[in-house]
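This report concerns only the one structure given below.
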Amino acid sequence: MEEFRPVPDPLAYLLGSWRVTRSVQDRAGGGEGRFDGTTVFGPLDAGGPPDAGGLLHEEAGTFVWLGVPRPAGRTLRFLPRPTPGTADVRFADGRPFHDLDLTTGRHVVGHPCSADLYRGEFTVRDPDHWRTVWQVAGPAKDLLLTTDYARLR
């Protein structure tokens, strides 16, 4: 059985820069891809919306799908929730994505996207390594996305 590292404050844990490697498997079509890049969790702009204490997650890198490389990135907002050890994850435009509770070192979430369902599992391995695994199932997609994060010093 794998052990997970409890995280009392996910925003404090995530703060900083991370190396990102993500594998993408299309289980229906058989295609495979890979993303390599960095993710920076930094404080939200003090002049922006009232998200005091939150983090801006900015990911940038190269995604290779079926041998074709292209630039890729995404932006998310991680906001503190009233319950200690939890956060609210939102898309860049403020739409809700999922909650996050790493107090046990492991958290499972679901996110409906049109007719597809995203099921995510977050695991913290140690102070400098964590992983997400998203399984996407539905009429439009059948994907497995595995992302490993390693803190950059």
Side-chain angles (χ1 to χ4, degrees), residues 1-7 9-44 51 54-79 81 85-153:
M1 181 174 167
E2 189 174 353
E3 285 192 37
F4 307 113
R5 179 185 176 90
V7 174
D9 182 347
L11 299 182
Y13 174 77
L14 295 171
L15 184 65
S17 299
W18 300 81
R19 183 183 65 227
V20 179
T21 56
R22 177 177 302 121
S23 67
V24 180
Q25 297 175 341
D26 180 347
R27 297 181 290 198
E32 293 187 0
R34 180 175 176 91
F35 174 87
D36 289 293
T38 58
T39 290
V40 176
F41 287 89
L44 283 167
D51 298 326
L55 297 176
L56 186 65
H57 162 276
E58 296 181 290
E59 182 178 276
T62 301
F63 182 58
V64 179
W65 181 253
L66 301 175
V68 179
R70 64 195 72 166
R74 68 178 175 167
T75 301
L76 298 170
R77 297 187 308 165
F78 284 63
L79 309 174
R81 295 184 82 175
T86 64
D88 183 31
V89 181
R90 295 186 170 263
F91 292 105
D93 63 8
R95 288 177 297 124
F97 188 11
H98 61 81
D99 64 328
L100 184 62
D101 179 349
L102 296 176
T103 55
T104 66
R106 179 178 181 268
H107 186 63
V108 176
V109 297
H111 172 76
C113 183
S114 297
D116 299 322
L117 177 64
Y118 285 64
R119 181 188 176 276
E121 179 180 16
F122 294 72
T123 55
V124 179
R125 296 177 167 179
D126 61 43
D128 298 319
H129 299 89
W130 60 288
R131 168 180 275 189
T132 63
V133 177
W134 285 96
Q135 297 183 53
V136 186
K141 298 175 186 164
D142 186 3
L143 303 172
L144 177 64
L145 298 91
T146 303
T147 306
D148 287 304
Y149 297 84
R151 190 179 302 279
L152 294 172
R153 300 275 178 190

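- The two residues Leu79 and Leu11 make their nearest non-hydrogen contact at C-CD1, 4.2 Å.
- Considering only heavy atoms from C-beta on, Trp18 stays 4.5 Å or farther from Leu152 through its side chain.
- Of all heavy-atom pairs spanning Arg81 and Asp88, the tightest one is CG-N, 3.5 Å.
- Note that the CG atom of Leu143 and the CD atom of Gln25 stand 9.5 Å from one another [nearest 0.5 Å].
- Note that CZ of Arg22 is 7.0 Å distant from CG of Leu145, once rounded to the nearest 0.5 Å.
- Taking 4.5 Å as the limit, some side-chain heavy atom of Gln135 sits within range of a side-chain heavy atom of Arg27.
- With a 4.5 Å cut-off on side-chain heavy atoms, Thr103 and Pro6 do not count as touching.
- Expressed to the nearest 0.5 Å, how far CG of Leu100 lies from OG1 of Thr86 amounts to 8.5 Å.
- Contact of the Pro139 side chain with the Asp116 side chain is registered, since non-hydrogen atoms from C-beta on lie closer than 4.5 Å.
- Seen from the ring of Tyr13, Arg151 counts as a face-on cation partner, given the 6.0 Å and 45° thresholds.
- Shown here for His107 and Asp101, the closest heavy-atom pair between the two residues is CB-O, 3.1 Å.
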Checklist line | Verdict with supporting geometry, Phe97 and His57, ring-ring contact (aromatic ring centres under 6.0 Å, His included) | finding: CA-CA 13 Å; Phe97 188 11; His57 162 276; 9.7 Å; no
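- Between atom OH of residue Tyr118 and atom NZ of residue Lys141 there is a gap of 3.0 Å, rounded to the nearest 0.5 Å.
- Across all their heavy atoms, Val20 and Thr38 have their closest contact at CG2-C, 3.9 Å.
- In this structure, the separation between CZ on Arg90 and CZ on Arg77 is 7.0 Å, given to the nearest 0.5 Å.
- What you find for Leu15 and Gly42 is that their closest heavy atoms are CD1-CA, 4.2 Å.
- By the 4.0 Å N-to-carboxylate-O rule, Arg153 lies close enough to Asp128 to be salt-bridged with it.
- Looking only at side-chain heavy atoms (C-beta outward), Arg125 and Asp148 come within less than 4.5 Å of each other.
- Within the 4.5 Å cutoff, no side-chain heavy atoms of Glu32 are placed close to those of Ser23.
- Summarising the geometry of Val68 relative to Arg70, their closest heavy-atom pair is CG1-NH2, 3.5 Å, with the distance given to 0.1 Å.
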Next item on the list: Tell me, with the steps shown, if Leu56 and Leu44 meet side-chain contact (heavy atoms from CB on, under 4.5 Å).
Entry: CA-CA 5 Å; Leu56 186 65; Leu44 283 167; 3.8 Å; yes
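- Between Tyr149 and Trp130, the ring planes lie parallel to each other; the angle is under 30°, not in the 30° to 60° tilted range.
- Under the side-chain contact (heavy atoms from CB on, under 4.5 Å) test applied with Val24, the options Phe63, Phe35, Trp134 reduce to a single match, Phe63.
- Taking the side chain as every heavy atom from C-beta outward, Thr132 and Phe122 approach each other to under 4.5 Å.
- Interatomic distance, CD of Glu3 versus OG1 of Thr123, reported as 13.0 Å (0.5 Å rounding).
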